[in-house]
Number of protein chains: 2
Amino acid sequence: MTRDSRGPFAATCPTRHLLDQIADKWSMLALIAIDSAPRRFNALKREIEGISQKVLTQTLRRLERNGLISRSVAPTVPVSVTYAITPLGHSLAVMMETMRTWSIANIDSILAAQSCYDHSRSEAQSLK
Amino acid sequence: MTRDSRGPFAATCPTRHLLDQIADKWSMLALIAIDSAPRRFNALKREIEGISQKVLTQTLRRLERNGLISRSVAPTVPVSVTYAITPLGHSLAVMMETMRTWSIANIDSILAAQSCYDHSRSEAQSLK
DNA sequence: CCGAATCCGGTGGGATACTG
DNA sequence: CAGTATCCCACCGGATTCGG
């Protein structure tokens with residue numbers, strides 16, 4: 001965990017560092033959502049189906065800490081908080097969008113591979 | 001959790017489905033590693049610093065199930081198992097490589113944002 | 001060498017209630 | 001509205017052992 005001269009998989013390389021921070025589905029989804037337009041907290045919570053408010057808060061904090069989104073508070077009553085993408089975050093979101101496109105184009109191949117795999121496994125199971 | 005017509009963040013859309021499967025750092029690292037060249041199990045374990053053999057096995061199984069890598073067993077003694085990338089997996093790995101390039105180019109910005117964020121937080125802490 | 005199986009501690013994350 | 005605080009439990013993943 002100390003030597004980092006052996007390539008892109010050493011524990012201390014930039015790739016690992018980035019992956020540690022944003023390689024989870026909630027971060028990516030939140031980034032995509034905010035990239036399309038600035039959003040309020042509850043709007044995001046409603047839009048990202050299945051996320052809890054606790055996890056959303058944690059996710060937004062981490063994205064903000066990494067300089068990928070910005071958080072601005074309007075001193076109204078009650079307070080309204082808006083999250084917006086930063087230039088850095090947008091350049092990352094572009095790649096997320098590419099992945100989104102890819103997933104739509106290749107979902108059928110993946111589903112087919114899954115059912116094929118599961119099918120061959122259940123066969124092996126039955127003749128045990 | 002049932003209606004998927006409201007856009008890319010509904011629980012059942014392809015993006016979510018893909019993210020559920022591969023949006024973790026180990027999957028991405030393993031995919032990049034295998035994409036560069038076919039590998040044996042222990043070679044991967046040695047290369048991907050910090051992963052346990054249990055988690056590596058789980059990760060490889062999931063990638064295989066999704067048709068992103070292939071697993072071939074050579075009937076030698078002892079058995080030698082080789083993992084290789086599939087065309088589908090390669091097309092995904094290309095994007096992972098793009099992210100890797102991005103992370104190297106932008107790691108300084110991220111690190112700067114982090115220390116800036118942490119610094120302002122510790123200030124707020126001290127005058128509480 | 002490649003993996004399956006078991007045990008087990010830590011923690012991620014859900015549910016709920018409360019605050020400014 | 002936008003969180004924070006607390007409880008609590010499932011499951012993730014590490015260590016170890018065993019098998020082909």
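Just so we're clear, the structure is a prediction, and the values are computed from it rather than from any experiment.
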Please report the distance, rounded to the nearest Å, between [atom1] in [X] and [atom2] in [N].
X     : N      : atom1 : atom2 : answer
A:N42 : D:dT4  : CG    : P     : 13 Å
B:D24 : D:dC12 : CG    : C1'   : 12 Å
B:D20 : D:dC11 : CG    : P     : 15 Å
A:R46 : D:dA2  : CZ    : C1'   : 12 Å
B:I51 : D:dG13 : CD1   : P     : 9 Å
A:I69 : D:dA2  : CD1   : P     : 13 Å
B:K45 : D:dG14 : NZ    : C1'   : 10 Å

*asked:* By nearest heavy atom, map B:S52 and A:Y83 onto DNA chain D; which one lands nearer the 5' end?
replied: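 Closest to the 5' end, via its nearest nucleotide, is A:Y83.
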Considering only [options], which nucleotide approaches the side chain of [X] most closely?
X     : options                : value
A:R71 : D:dA2, D:dC1, C:dC2    : D:dA2
A:Q53 : C:dG20, C:dT16, C:dG14 : C:dT16
B:R61 : C:dC1, C:dG3, D:dG3    : C:dG3
A:K54 : C:dG13, D:dT4, D:dA15  : C:dG13
B:V81 : C:dC2, D:dC1, D:dG3    : C:dC2

*asked:* On DNA chain C, does the nearest nucleotide to B:F41 precede the nearest nucleotide to A:Q58 from the 5' side, or the other way round? Give the residue.
replied: B:F41
*If you measure from the Lys or Arg side-chain nitrogens to the Asp or Glu carboxylate oxygens, is any gap between B:R62 and B:D20 under 4.0 Å?*
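Not counted as a salt bridge, because no side-chain N and carboxylate O are separated by less than 4.0 Å.
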*Given D:dA2, is OP1 or OP2 found less than 4.0 Å from the side-chain N or O atoms of A:R40?*
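Indeed, a polar side-chain atom of A:R40 lies that close.
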_Treating A:S70 as the side-chain partner and A:T86 as the backbone partner, does any N or O pair qualify as donor plus acceptor under 3.5 Å?_
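Absent.
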*Return yes if some donor-acceptor pair links the side-chain N/O of A:S27 with the main-chain N/O of A:A23 below 3.5 Å, else return no.*
no
*Does a side chain donor of either A:S115 or A:D118 reach within less than 3.5 Å of an acceptor in the other side chain?*
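Judged by distance alone, the side chains do not pair up.
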*asked:* Quick check: do B:L31 and B:I85 have side-chain heavy atoms less than 4.5 Å from each other?
replied: yes
